[in-house]
Structures are given as C-alpha cells and as structure tokens.
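Side chains included, hydrogens not; waters and symmetry mates left out as well; all remaining heavy atoms used.
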Amino acid sequence: MALEGEDLAPRTLGWRWHTAAGLFLLGFLGLLSGVEVSERPDLVADTWLAKAYYTLGLFVVGGLDLGTPQNGPLLGRIALWLAYFGAPLLTASAVIEAVIRVVSPNRWRLRRLRDHIVISGANVLTLSYLRVLRGRDQTTQVVVVADGTDLLREQEIQQRFGATVVHGDVAEEFLLSRLRLGRARRVMLFGDNDFQSFEAASRILARRPGLAGRIVLHCQRLRFLRAMQDTELLRSCESFNAYHLAAAGLVRDQLSEHFRSTAERDVVVVAGFGRFGQTILEELERRTEDELDQVCVIDTDAERRMLVVEEQKRLSSKYERLVLQGDISHPDIWFRLRERIDLGKGEPVVILGTGDSENNLRTGLWLKALYPNLVLFVRTNGKSKFAEDLGAEHGIHNISLTQLVEDYVPEVWLR
C-alpha cells in the first residue's frame with residue numbers, strides 16, 4: 001500500500017527524449033567523423049566539446065549558423081543531414097504539443113488513452129479504490145469523471161494517484177464519446193447520484209456492448225438496488241453497495257470466526273439500523289443463522305426500517321428477533337434491552353454501527369465498563385488512529401467503513 005502523500009504518477013521517459021538523444025548522437029558523430037560545414041569549415045579541427053555544443057544548437061536554429069555539410073565521410077554526412085532535419089522538427093513538435101496542452105489539456109491526455117480505467121465520481125469510494133489499485137499497479141491509466149469536485153480533492157487524485165480528472169456528467173453522450181470507451185479495460189461508476197450512474201451504464205452499454213461484465217455499478221440506496229436486481233442492465237453489470245461490501249467482509253472474516261469459537265448459539269445486538277446495520281443483518285442470516293439465538297435491532301427509526309427489510313426479504317424464523325426503537329446514546333434503551341437479554345452472560349456481540357462516530361465511541365466505552373464480557377464493535381466512517389488506540393486500550397474492536405471497503409475490494413476489479 002502506498003504511503004500517505006506519495007506521488008504515484010508513473011515516472012517514465014517519453015519517446016521524444018529517446019528521439020532527441022538519437023538525433024544528438026547522429027549530429028555529434030557526424031561532426032566527429034570529419035564532416036565539414038560550409039559556414040564553419042574550421043569546426044572540423046575544434047575539440048569534441050565544441051562539436052557537442054554546436055550539435056545542441058541544431059535543436060534551436062537547425063544548421064543555419066553552420067551551413068550545409070560538405071566533404072568528409074559519406075556516412076558522416078548522412079548522419080549530420082538527418083540531425084539537421086530531425087532536430088528542429090522535434091523541437092517544433094514539442095512546442096506545438098505544449099501549446100495544445102495549455103489550450104486543451106484534457107483533450108490531449110484523453111486522445112492517448114488505451115487499456116485504461118474510467119471512474120465516475122470523485123468521492124471517498126473513488127479514493128479508496130485508487131489507493132488499493134495503486135498499491136498493486138502504478139502504471140494503468142485512470143480517468144476520473146468529476147461532477148463538481150473541490151480543488152483539493154482533484155489535486156489529490158492527480159498528484160497522489162496519477163489520474164486524469166475531467167469535469168462533467170458521465171451520462172452525457174458528448175463526454176462519453178471522449179473517454180475512449182472502446183479501448184477501456186473497465187468502467188467504475190461510483191457517483192453519488194444513483195439514477196445518474198444507472199443512466200450512464202445504460203448509455204455506455206448502448207455505445208459499447210463489449211463492456212458488458214466490465215462495468216462496476218455502485219448504488220447507495222439498497223432498496224433501489226434490490227428493486228433493480230432483476231433487470232437486463234444489472235445482468236450486464238457488476239452491482240454493489242459499499243455498506244454491503246464492508247458488512248459482508250466483517251461477518252465473513254470476524255463475526256463468523258467468533259460464532260464458531262463459542263459452544264452455544266449467540267446473541268447479537270445491531271445498534272444502528274441504517275444501510276450498514278441492515279446489510280449486517282442480511283449477512284448474518286445468509287452465513288450464520290444456525291449460530292444465532294437472539295438478534296436485537298436498535299434504531300431511532302427501527303420499526304419502519306425493519307418493515308422495509310421484511311418487505312424486500314422474508315427474514316428467518318430460526319432465531320428470536322427483537323426490535324427496539326430509540327437512541328443508542330440514551331441509557332433507557334439499554335435498560336429496556338436488559339429486561340429481554342442478559343448482556344452480562346456469555347459473550348454477546350454488540351455492533352455500534354450508526355453514522356455518528358463520536359456517539360458510537362462514547363456509548364461503546366460506557367457499555368464496556370458495564371459489561372466487560374461484551375464482544376464490542378464500534379464503527380467509524382474513515383480511518384481513525386484515535387479510535388484504534390482507544391479500542392486497543394479498552395478491548396473494543398474498531399471497524400472503519402473505509403478500511404473494510406479497501407480490505408474487501410474484489411481482486412477482479414483491479415485487473
């Protein structure tokens with residue numbers, strides 16, 4: 001994984017530097033071979049350093065101040081003539097390219113794309129994906145389509161990850177025509193607007209059907225994603241939700257191991273039943289329902305959200321399910337829970353997964369002091385050294401959504 005602040009842009013010499021070196025050698029060797037020039041016939045007797053100096057001058061004024069090659073070996077004259085024509089042409093091409101880059105930098109960069117990755121959205125998910133990608137592959141060209149990103153985020157994407165940033169709506173036909181989709185390796189639709197991402201996927205597949213199976217479509221709203229599952233579009237794309245990706249990894253690699261290590265069926269409390277909490281419950285049912293004895297869901301809008309989950313998927317009846325509506329930071333909700341579940345017995349798993357990192361940490365410390373036996377997971381959104389240090393000090397598992405997403409990015413997305 002790349003270090004913070006490291007510039008990951010590939011450092012490679014372009015073709016122009018190699019051509020310049022070759023032309024310099026041709027001119028220099030031509031003069032060294034004894035070729036005379038009409039305006040400076042005495043140059044043939046000068047030192048090699050003087051010959052090198054005048055050879056460099058070919059890139060600025062050609063041979064105008066030296067005159068034409070004459071006398072001397074034939075191969076030397078041919079080499080010098082090639083340098084006479086090639087050096088000023090190379091300089092002129094560099095000047096023209098510089099002007100084009102200043103006038104239209106994105107257009108110049110885009111026309112050279114091949115086997116590249118297109119990403120829409122300049123958000124936290126894009127940064128996470130770029131960190132993982134550049135940790136394994138520093139050379140693949142990446143284009144990030146940003147719609148209203150801030151300047152600092154744009155500079156980070158360009159300087160740290162060596163990506164090209166273009167501004168616009170990824171669903172617009174004009175922009176899609178400039179992204180060289182026929183040469184793209186993969187398209188990652190990470191934008192914050194779900195409808196815009198679905199629209200972009202439809203337009204991309206209409207333009208380039210060969211990209212079917214190589215479009216990764218992120219959808220923030222789980223309800224919308226599940227409603228779209230049985231559509232031709234999603235059968236042609238790989239769809240996912242970042243919360244689901246993180247929750248699946250957490251259940252598979254951490255909670256499942258704990259359940260297997262306990263002799264009796266387990267108690268789980270999911271405090272915070274938004275997108276993260278709902279996907280945790282879904283993964284618990286899919287992977288570990290035979291290990292569960294009781295599952296309690298706590299949220300300020302728990303009853304409505306549970307109805308939504310039940311509407312989309314019939315829940316299992318193999319375990320007892322308890323729904324408590326209230327604020328996880330209020331002690332009363334935990335006293336009500338204690339009337340139904342004995343948190344002081346065994347090793348209950350408590351996941352504090354609301355979107356309020358500060359509230360999760362404070363409540364976690366309070367619960368751990370009351371029930372030291374708890375296997376407690378506390379969510380933070382980004383990576384937090386403070387939360388990690390606090391967790392290590394008090395026996396609390398810190399779970400960062402950003403880190404979970406980066407840990408479980410599928411390998412195929414990086415190829």
From CA spacing to verdict: side-chain contact (heavy atoms from CB on, under 4.5 Å), Met306, Leu281: CA-CA 10 Å; Met306 182 58 73; Leu281 179 60; 4.1 Å; yes
So Asp342 and Val267, side-chain contact (heavy atoms from CB on, under 4.5 Å) or not? Walk me through it. CA-CA 9 Å; Asp342 185 0; Val267 172; over 6 Å; no
Would you sort out whether Glu283 and Arg286 count as a salt bridge (charged side-chain N to carboxylate O under 4.0 Å, His left out), showing the intermediate values? CA-CA 5 Å; Glu283 288 299 308; Arg286 190 166 73 89; 3.1 Å; yes
What verdict does the side-chain contact (heavy atoms from CB on, under 4.5 Å) test give for Leu75 and Ser33, after you've listed the backbone C-alpha separation in whole Å, the side-chain angles of each residue and the deciding distance to 0.1 Å? CA-CA 9 Å; Leu75 288 178; Ser33 69; over 6 Å; no
As a quick check of understanding, evaluate side-chain contact (heavy atoms from CB on, under 4.5 Å) for Leu365 and Val378, giving each step before the final call. CA-CA 10 Å; Leu365 289 174; Val378 173; over 6 Å; no
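In this model, a donor atom of one side chain and an acceptor atom of the other lie less than 3.5 Å apart for Tyr408 and Asp253. Side-chain contact check for Asp356 and Thr354: no donor-acceptor pair (N or O, by modelled atom type) lies under 3.5 Å. Judged purely by distance below 3.5 Å, without hydrogens or angles, the side chains of Asn381 and Arg379 pair a donor atom with an acceptor atom. A donor-acceptor contact closer than 3.5 angstrom is absent between the side chains of Glu291 and Tyr319. In the model, Thr126 has a side-chain atom that pairs as donor or acceptor with a side-chain atom of Asn123 under 3.5 Å.
Separation of atoms CZ (Arg287) and CZ (Arg252) is listed at 5.0 Å; rounding is to 0.5 Å. Atom CG of residue Asp147 and atom CG of residue Asn193 lie 8.5 Å apart, to the nearest 0.5 angstrom. With values rounded to the nearest 0.5 angstrom, Ile341 atom CD1 is found 13.0 Å from Arg338 atom CZ. In this structure, CG in Leu23 is found 8.0 Å from CG in Leu82, a value given to the nearest 0.5 Å. Between the CG atom of Leu130 and the CD1 atom of Ile119 there is a distance of 4.5 Å, given to the nearest 0.5 Å. In this structure, CZ in Phe190 is found 6.5 Å from OH in Tyr129, a value given to the nearest 0.5 Å.
Across Ala271 and Ile328, no two heavy atoms sit closer than the pair CB-CG2, 3.7 Å. Across every non-hydrogen atom of Leu31 and Lys51, the tightest pair is O-CE, 3.2 Å. The two residues Glu347 and His258 come nearest to each other via the heavy atoms O-NE2, 3.5 Å. A pairwise comparison of heavy atoms in Gly353 and Asn360 identifies C-ND2, 4.2 Å as the closest pair.
For Lys368 and Glu393, the salt-bridge test fails: no basic side-chain N is under 4.0 Å from an acidic carboxylate O. Salt-bridge annotation for Arg362 and Glu358: absent, with no side-chain N of the basic residue lying under 4.0 Å from a carboxylate O of the acidic one. A salt bridge between Glu388 and Lys385 is absent, with no side-chain N of the basic residue lying under 4.0 Å from a carboxylate O of the acidic one. Using a cut-off of 4.0 Å between Lys/Arg side-chain N and Asp/Glu carboxylate O, Lys345 and Glu264 are scored as not salt-bridged. Asp290 has no carboxylate O lying under 4.0 Å from a charged side-chain N of Arg265, or vice versa, which leaves the two without a salt bridge.
Heavy-atom neighbours of Glu257 CD from other residues, nucleotides or ligands within 6.0 Å: at or below the threshold of 12. Applying the 6.0 Å contact sphere to CG of Asp332 captures more than 12 heavy atoms from other residues, nucleotides or ligands. Atom CZ of Arg340 is surrounded by 12 or fewer heavy atoms from other residues, nucleotides or ligands within 6.0 Å.
A heavy-atom distance below 4.5 Å is not found between the side chains of Asp137 and Leu414. Contact of the Arg207 side chain with the Ser177 side chain is registered, since non-hydrogen atoms from C-beta on lie closer than 4.5 Å. Looking at Val269 and Leu374, their side chains never come closer than 4.5 Å, going by heavy atoms from C-beta outward. Using a 4.5 Å cut-off on side-chain heavy atoms (C-beta onward), Gln141 and Val143 make no contact. A heavy-atom distance below 4.5 Å is found between the side chains of Phe386 and Leu361. Side-chain contact between Leu352 and Leu367: present, with at least one pair of heavy atoms (C-beta onward) separated by less than 4.5 Å. At a threshold of 4.5 Å between non-hydrogen side-chain atoms, the residues Trp81 and Leu26 do not count as touching. No side-chain heavy atom of Ser239 sits under 4.5 Å from any side-chain heavy atom of Leu233.
For the ring-ring contact (aromatic ring centres under 6.0 Å, His included) with His218, the qualifying choice from Phe240, Phe224, Phe198 is Phe240, the only one to do so. With Asp115 as the partner, the salt bridge (Lys or Arg N to Asp or Glu O under 4.0 Å) test is satisfied by one option alone out of Arg185, Arg186, Arg183: Arg185. Of the candidates Arg136, Arg134, Arg131, Glu406 forms a salt bridge (Lys or Arg N to Asp or Glu O under 4.0 Å) with just one, namely Arg131.
Taking the six-membered ring for Trp and thresholds of 30 and 60 degrees, Phe276 and Tyr243 have ring planes inclined between 30 and 60 degrees apart.
Ring to ring, Tyr371 and Trp334 are not that close: their centroids are 6.0 angstrom or more apart.
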